[in-house]
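Worksheet for the structure shown next.
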Amino acid sequence: MAAATGDMPTYQIRAPPTSLPQGVVVAASPGSLHSPQQLAEEATRKRELRLMKNREAARECRRKKKEYVTCLENRVAVLEKQNKTLIEELKALKDLYCHKAE
DNA sequence: TTTCTAGACCGTCATCTGTG
DNA sequence: CACAGATGACGGTCTAGAAA
């Protein structure tokens, strides 16, 4: 896929949500953690936060990709129509030229 | 009605990429 | 270089429609 090469535009990137989703608790500073249990809880919390962020990033990524594809499909439709018109026009001009030549 | 199938959507992991 | 965000790949679930 060419997406990695930079030819995939980002259509109107929305401002990220300013507030964390419900249920996310901001942790105490790492310096205040001591016991192995606290460390484990902190690790779990970090992992869940990462998964949640990535989940939302994936959703956004798919949304943008879908939008991009729709955009391309619309462009194809427009160009096909344009092409058809030009072919008709060319045909008409050829006819005109032929009749003049007689 | 039940079973099969294709397509859409989702969550997660691994990796790439840009930024401080 | 470390980190966060973006994206490709993969496997799972759901659903609508066709076939038996």
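Just so it is clear: chains get the letters A, B, ... in the order the sequence lines come, proteins before strands, and each one is counted from 1.
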Using whole Å, report how far CG of A:Leu49 lies from P of C:dG5.
9 Å
For C:dT7 and A:Lys64 - does any side-chain N or O of the residue sit under 4.0 Å from the phosphate oxygens OP1/OP2?
yes
Would you check if there is a donor-acceptor pair between the side chains of A:Gln38 and A:Glu42 at a distance under 3.5 Å?
no
I want to check one thing: is the phosphate of C:dA4, taken as OP1 and OP2, less than 4.0 Å away from some side-chain N or O of A:Lys53?
no
Applying side-chain contact (heavy atoms from CB on, under 4.5 Å) to A:Arg55 and not counting sequence neighbours gives A:Leu51, A:Met52, A:Arg59
List the protein contact pattern of nucleotides 6-12 of chain B with one symbol per nucleotide (5' to 3'): B for base contact, S for sugar-phosphate-only contact, - for none; contact means a heavy-atom distance under 4.0 Å.
---SBBB
How about A:Asn83 and A:Ile87: do any of their side-chain heavy atoms sit closer than 4.5 Å?
yes
For A:Leu79, all residues meeting side-chain contact (heavy atoms from CB on, under 4.5 Å), sequence neighbours excluded
A:Arg75, A:Gln82
Electrostatic pair A:Arg45:A:Glu41 at N-O distance under 4.0 angstrom
no
